[in-house]
Structure formats: structure tokens, C-alpha cells
J.: 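My structure is below; once you've seen it, I'll send some questions.
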Amino acid sequence: MLGDLEPAWTEGLAQVELPKLGVRGNHDADDALEAVGVEDLHLRGAECGGLSFSGFGGSPRYSPQGGNQWTEDEAERMLAALPPADVLLVHSPPAGVNDEPDDRAHRGSPALRAWIERNEPAWLLHGHTLPNPAARVCELGPTRVVHVRGAIPIELG
């Protein structure tokens with residue numbers, strides 16, 4: 001789960017008896033993941049199916065009253081504590097990766113990009129933006145990038 005959870009996407013998820021990992025988006029309530037039985041990986045790591053996962057939720061701050069938003073300085077400090085992993089789950093993408101730099105609400109994070117370039121996870125899964133299919137970024141160095149909107153099957157391996 002990569003945040004901004006629509007009820008149609010999560011209906012019945014709480015009853016699914018599989019490991020569920022995710023991060024909250026900038027529009028999600030504090031208990032949105034817990035309500036559907038998803039382990040919140042924001043700034044944490046977990047092992048599942050022989051792979052390591054870590055997560056970074058929220059989005060760049062674009063509104064003074066917005067919840068689960070951060071400044072780049074805050075992102076840099078938080079990411080310093082994020083454990084490396086095979087799979088990185090994020091809500092907002094890194095700068096230059098399927099972002100919309102001219103839209104304050106959908107610009108990518110330079111701090112997150114630096115973390116990915118340093119740690120080189122095998123996979124980056126993100127949501128939040130609506131990338132142009134013709135310009136979609138699918139790799140950042142050795143990291144494979146997948147934009148997820150709604151639900152899609154992905155074979156990690």
C-alpha cells in the first residue's frame with residue numbers, strides 16, 4: 001500500500017490473510033493502514049518472503065494545514081534513519097522520477113533521490129503522482145521504479 005487509499009481499493013483487505021506492508025499518503029488518516037491490517041513501514045524495515053522492505057510515507061509540504069507532509073530539511077533528517085532494503089515503499093516519488101516539478105503538490109523529493117542513489121534498493125514502488133506514460137521513469141540507476149495507482153501485480157525477484 002502506497003497511500004491515499006480509496007475505499008474501493010481497500011474493501012475486504014482486512015480479511016486477506018497475507019502479509020501487508022505499506023506507507024500512508026498525505027491524504028490518509030493516522031489509522032488508515034491499521035484499519036485494513038497493513039503494517040506501516042514509515043521509517044522502518046521489515047522482512048517478507050525473503051526480501052527486505054522499508055518505507056517513507058507522506059509528501060513534500062505544499063499546504064500549511066496539510067497532514068503527513070514534510071519539508072526537504074525534515075525529509076533529509078527522517079531519511080537518515082531509514083534502513084536500506086531490497087524494496088522501498090514510498091508515497092511520493094524522488095525528484096526527477098515520475099514527478100511533476102512545476103506542481104507544488106506533486107514535485108519529487110531531492111532528499112529521497114539522494115537516499116535511493118546511496119542505498120540502491122532493487123525496487124522503488126511509489127504512488128501520489130500521475131506520470132505521463134510517454135515520459136514514465138522505470139529505472140533510477142540500478143533501481144527498478146514502479147508507479148502504482150490502485151492495485152497492480154508485481155513479481156519482485
Side-chain angles (χ1 to χ4, degrees), residues 1-71 74-75 78-79 82 85-109 112-113 115-116 121-140 143-157:
M1 307 289 297
L2 302 176
D4 289 353
L5 307 175
E6 296 289 335
W9 299 340
T10 60
E11 188 175 328
L13 187 60
Q15 288 73 40
V16 174
E17 294 188 23
L18 291 171
K20 295 173 284 226
L21 309 173
V23 293
R24 287 187 308 117
N26 54 300
H27 295 293
D28 293 323
D30 290 345
D31 65 347
L33 295 176
E34 181 181 340
V36 292
V38 174
E39 181 180 350
D40 188 353
L41 288 189
H42 181 63
L43 303 181
R44 300 182 43 245
E47 299 286 325
C48 184
L51 295 171
S52 60
F53 291 78
S54 62
F56 186 59
S59 73
R61 180 163 302 286
Y62 63 89
S63 168
Q65 70 276 11
N68 204 20
Q69 297 176 23
W70 29 258
T71 66
E74 291 169 333
M78 288 188 288
L79 287 162
L82 183 66
D86 300 316
V87 182
L88 177 62
L89 306 178
V90 301
H91 178 61
S92 293
V97 176
N98 301 324
D99 64 344
E100 301 163 50
D102 297 328
D103 177 354
R104 288 178 35 119
H106 296 106
R107 69 188 186 279
S109 168
L112 179 57
R113 183 180 182 117
W115 186 95
I116 292 166
W123 291 89
L124 165 67
L125 280 57
H126 78 86
H128 188 62
T129 59
L130 297 171
N132 175 346
R136 188 169 301 209
V137 175
C138 296
E139 294 180 334
L140 178 58
T143 301
R144 289 194 263 183
V145 176
V146 179
H147 171 261
V148 177
R149 178 143 178 96
I152 62 171
I154 303 168
E155 187 172 329
L156 302 172

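Because only heavy atoms are used, hydrogens play no part in the values below, and waters and symmetry mates are left out as well, while side chains stay in. These figures come from a predicted structure and were not determined experimentally.
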J.: Is a side-chain donor or acceptor of Asn68 paired with a backbone partner of Asp28 at a separation under 3.5 angstrom?
T.: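 A pair under 3.5 Å: no.
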J.: Could you report the tightest heavy-atom contact between Gly55 and Leu82, atom names first, then the distance?
T.: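 Smallest interatomic distance, heavy atoms only, reads O-CD1, 3.1 Å.
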J.: Closest approach of Asp99 and Pro93, non-hydrogen atoms and distance?
T.: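 Closest approach of Asp99 to Pro93: CB-CG, 4.0 Å.
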J.: Quick one: does His128's side chain have a donor or acceptor within less than 3.5 Å of a partner on Ala105's backbone?
T.: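 Checked: pair present.
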J.: Distance-only, no hydrogens or angles: does the Thr143 side chain make a donor-acceptor pair with backbone N or O of Pro121 under 3.5 Å?
T.: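 Such a contact is found between Thr143 side chain and Pro121 backbone.
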J.: Report yes if the side chains of Val146 and Ile152 come closer than 4.5 Å at any heavy-atom pair, otherwise no.
T.: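 A side-chain contact exists here, since the closest heavy-atom pair is under 4.5 Å.
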J.: If I compare all heavy atoms of Ser54 with all of Trp115, which pair ends up nearest, and what's the gap?
T.: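 Shortest heavy-atom contact: OG-CH2, 4.2 Å.
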J.: Test side-chain contact (heavy atoms from CB on, under 4.5 Å) on Glu39 and Leu33 and set out the steps.
T.: CA-CA 7 Å; Glu39 181 180 350; Leu33 295 176; over 6 Å; no
J.: For atom CZ of Arg149, decide whether the heavy atoms of other residues, nucleotides or ligands shown that lie under 6.0 angstrom number more than 12.
T.: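 Count not over threshold, so no.
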J.: Grab the two heavy atoms, one from Leu43 and one from Met78, that are nearest each other, plus how far apart they are.
T.: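 That would be CD2-O, 3.5 Å.
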J.: Can you tell me if Trp70 uses its side chain to pair, donor with acceptor, with the backbone of Gly57 under 3.5 Å?
T.: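 Between the backbone of Gly57 and the side chain of Trp70 there is a qualifying donor-acceptor contact (under 3.5 Å).
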J.: Nearest 0.5 Å, what's the CZ-CG distance between Arg24 and Leu2?
T.: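 Going from the CZ atom of Arg24 to the CG atom of Leu2 covers 14.0 Å.
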J.: Val38 vs Leu5, test: side-chain contact (heavy atoms from CB on, under 4.5 Å). Steps then yes/no.
T.: CA-CA 12 Å; Val38 174; Leu5 307 175; over 6 Å; no
J.: If every non-hydrogen atom of Val137 is compared with every non-hydrogen atom of Asn98, which pair is closest and at what distance?
T.: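 Where Val137 meets Asn98 most closely, the heavy atoms are N-OD1, 2.6 Å.
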J.: Donor-acceptor pair, Asp86 side chain versus Ser52 backbone, under 3.5 Å?
T.: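 Flag set: sc Asp86 to bb Ser52 pair under 3.5 Å.
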J.: For Glu74, does the CD atom sit with more than 12 other heavy atoms under 6.0 Å from it, leaving out its own atoms?
T.: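 Count over threshold, so yes.
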J.: Where the side chain of Arg61 meets the backbone of Gln69, is there a donor-acceptor pair that is under 3.5 Å apart?
T.: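 Present.
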J.: Where does the angle between the aromatic ring planes of Phe56 and His42 fall among parallel (under 30°), tilted (30 to 60°) and perpendicular (over 60°)?
T.: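 Rings of Phe56 and His42: parallel, under 30°.
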J.: Check whether Ser59 reaches the backbone of Ser92 with its side chain - one donor and one acceptor, N or O, closer than 3.5 Å.
T.: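 No, because the side chain of Ser59 does not come within donor-acceptor range (under 3.5 Å) of the backbone of Ser92.
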J.: Which of these passes side chain to side chain contact (heavy atoms under 4.5 Å, CB included) with Leu125: Leu88, Leu89, Val145?
T.: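 The option that passes is Leu89.
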J.: Return the minimal non-hydrogen interatomic distance between Lys20 and Val36, and the atom names on each side.
T.: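 The answer is CE-O, 3.7 Å.
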J.: Please walk me through it: do Ile154 and Val148 pass side-chain contact (heavy atoms from CB on, under 4.5 Å)?
T.: CA-CA 10 Å; Ile154 303 168; Val148 177; 4.2 Å; yes
J.: Ring centres under 6.0 Å, that's the criterion: do His126 and His91 meet it?
T.: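 Here the rings of His91 and His126 have centres that are no less than 6.0 Å from each other.
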